[in-house]
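Sending over a structure as structure tokens; questions will come in a sec.
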Amino acid sequence: QVQLVESGGGLVQAGGSLRLSCAASGNIFLINDMAWYRQAPGNQRELVARMTNGGSTNYADSVKGRFTILRDNGKNTGYLQMNSLKPEDTAVYYCNAAVLTITMNALNAWGQGTLVTVSS
């Protein structure tokens, strides 16, 4: 009953910027924590950034100062602003959200992933 749809990935040169979007839909009452993860080929999935409903954030050390997690609660949409991109940022990026539905069902939802490729 809840879907996350990601967009905004693509090819960018080192030093460039991208903004990823994650649109949530369905019978959503509240989105608590939301987060962005990434997984590069041959690597484990890693947490990139997390934001609570109250706005508290934390970031992986590798992206701190370059990436910013944002959310628009009215639109049930999250964003990841990525600046000063590096080739090592190349990965499939996934949106994750802890959702409470209008029927009080707690769900852990994932987006389909969007590919970010940073060339050098």
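One is the number of the first residue; the rest follow in order along the sequence.
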request  = Determine the minimum heavy-atom distance between Val48 and Val63, stating which atoms define it.
outcome  =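 Looking at all heavy atoms of both residues, the closest pair is O-CG2, 3.6 Å.
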
inquiry  = Can you confirm whether Asn58 sits close enough to Leu47 that some side-chain heavy atom of one is under 4.5 Å from a side-chain heavy atom of the other?
reply    =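 Yes, close enough: below the 4.5 Å cut-off.
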
request  = Determine, using the 4.5 Å side-chain heavy-atom cutoff (strictly less than), whether Tyr37 and Leu80 are members of one ILVMFWY cluster.
outcome  =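 Tyr37 does not cluster with Leu80.
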
request  = Please examine the side chains of Ser21 and Glu6, heavy atoms only from C-beta on, and report whether any two atoms are closer than 4.5 Å.
outcome  =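 No, every pair of side-chain atoms sits at 4.5 Å or beyond.
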
query = Do Thr114 side-chain atoms and Gly9 backbone N/O form a donor-acceptor pair below 3.5 Å?
reply =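 Confirmed, Thr114 side chain pairs with Gly9 backbone.
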
key: Under 3.5 Å: donor-acceptor pair, side chain of Thr77, backbone of Lys75   = yes

query = Can you check side-chain hydrogen bond (donor to acceptor under 3.5 Å, both in side chains) on Ser17 and Asn83, steps first, answer last?
reply = CA-CA 4 Å; Ser17 298; Asn83 298 327; 2.9 Å; yes

key: Expected output: side-chain Tyr59 to main-chain Ile69 donor-acceptor under 3.5 Å   =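 Yes: the side chain of Tyr59 pairs with the backbone of Ile69.
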
ask   = Hey, are Asp61 and Lys64 close enough for a salt bridge, meaning a charged N less than 4.0 Å from a carboxylate O?
value =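 Here Asp61 pairs with Lys64 in a salt bridge, since their nearest N and O are under 4.0 Å apart.
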
query = Taking the six-membered ring of Tyr93, is NZ or CZ of Arg38 closer than 6.0 Å to its centre and within 45° of its axis?
reply = no

request  = Taking all non-hydrogen atoms of both residues into account, name the closest pair between Ala40 and Ala91 and its distance.
outcome  = N-CB, 3.8 Å

key: Residue pair Ala109 / Leu4: nearest heavy atoms and the distance that separates them   =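 Result for this residue pair: O-CD1, 3.4 Å.
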
request  = Starting at CD of Gln13, measure out to OG of Ser120 and round the result to the nearest 0.5 Å.
outcome  =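 So the gap between those two atoms works out to 9.5 Å.
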
query = Can you tell if the side chain of Thr52 reaches within under 4.5 Å of the side chain of Asn32, non-hydrogen atoms only?
reply =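 No, too far: nothing below the 4.5 Å cut-off.
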
Any side-chain heavy-atom pair of Leu18 and Val116 under 4.5 Å = yes

message = Can you classify the ring geometry of Tyr94 versus Trp110 as parallel (below 30°), tilted (30 to 60°) or perpendicular (above 60°)?
response =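 The rings of Tyr94 and Trp110 stand perpendicular, inter-plane angle above 60°.
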
task = Classify the side-chain pair Arg19/Tyr79 by whether it contains a donor and acceptor separated by less than 3.5 Å.
result = no

inquiry  = If you count every heavy atom of other residues, nucleotides or ligands that lies below 6.0 Å from Gln1 atom CD, does the total exceed 12?
reply    = no

key: Straight-line distance of Asn73 CG to Leu30 CG, nearest 0.5 Å   =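 It comes to 8.0 Å.
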
ask   = Could you state the interatomic distance from CE (Met34) to CG (Asn76), rounded to the nearest 0.5 Å?
value =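 Here the rounded value is 9.5 Å.
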
query = Minimum heavy-atom separation for Ser84 to Asp89, with atom names?
reply = O-OD2, 4.5 Å

key: Check: Gln3/Ser25 side-chain N/O donor and acceptor closer than 3.5 Å   = yes

query = Can you tell me if Thr101 uses its side chain to pair, donor with acceptor, with the backbone of Ile28 under 3.5 Å?
reply = no

inquiry  = Quick one, Phe29 and Met104 - any side-chain contact, counting heavy atoms below 4.5 Å?
reply    =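 A side-chain contact under 4.5 Å exists here.
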
query = Is it the case that Asp33 and Asn53 place a side-chain donor and acceptor less than 3.5 Å from each other?
reply = no

Met82 vs Val12 side-chain heavy atoms within contact, under 4.5 Å =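 Side chain of Met82 against side chain of Val12, heavy atoms only: no contact under 4.5 Å found.
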
key: Side chains of Leu100 and Asn105 in contact at under 4.5 Å (non-hydrogen atoms)   = no

query = Does Trp36 have its ring centroid less than 6.0 Å away from the ring centroid of Phe67?
reply = no

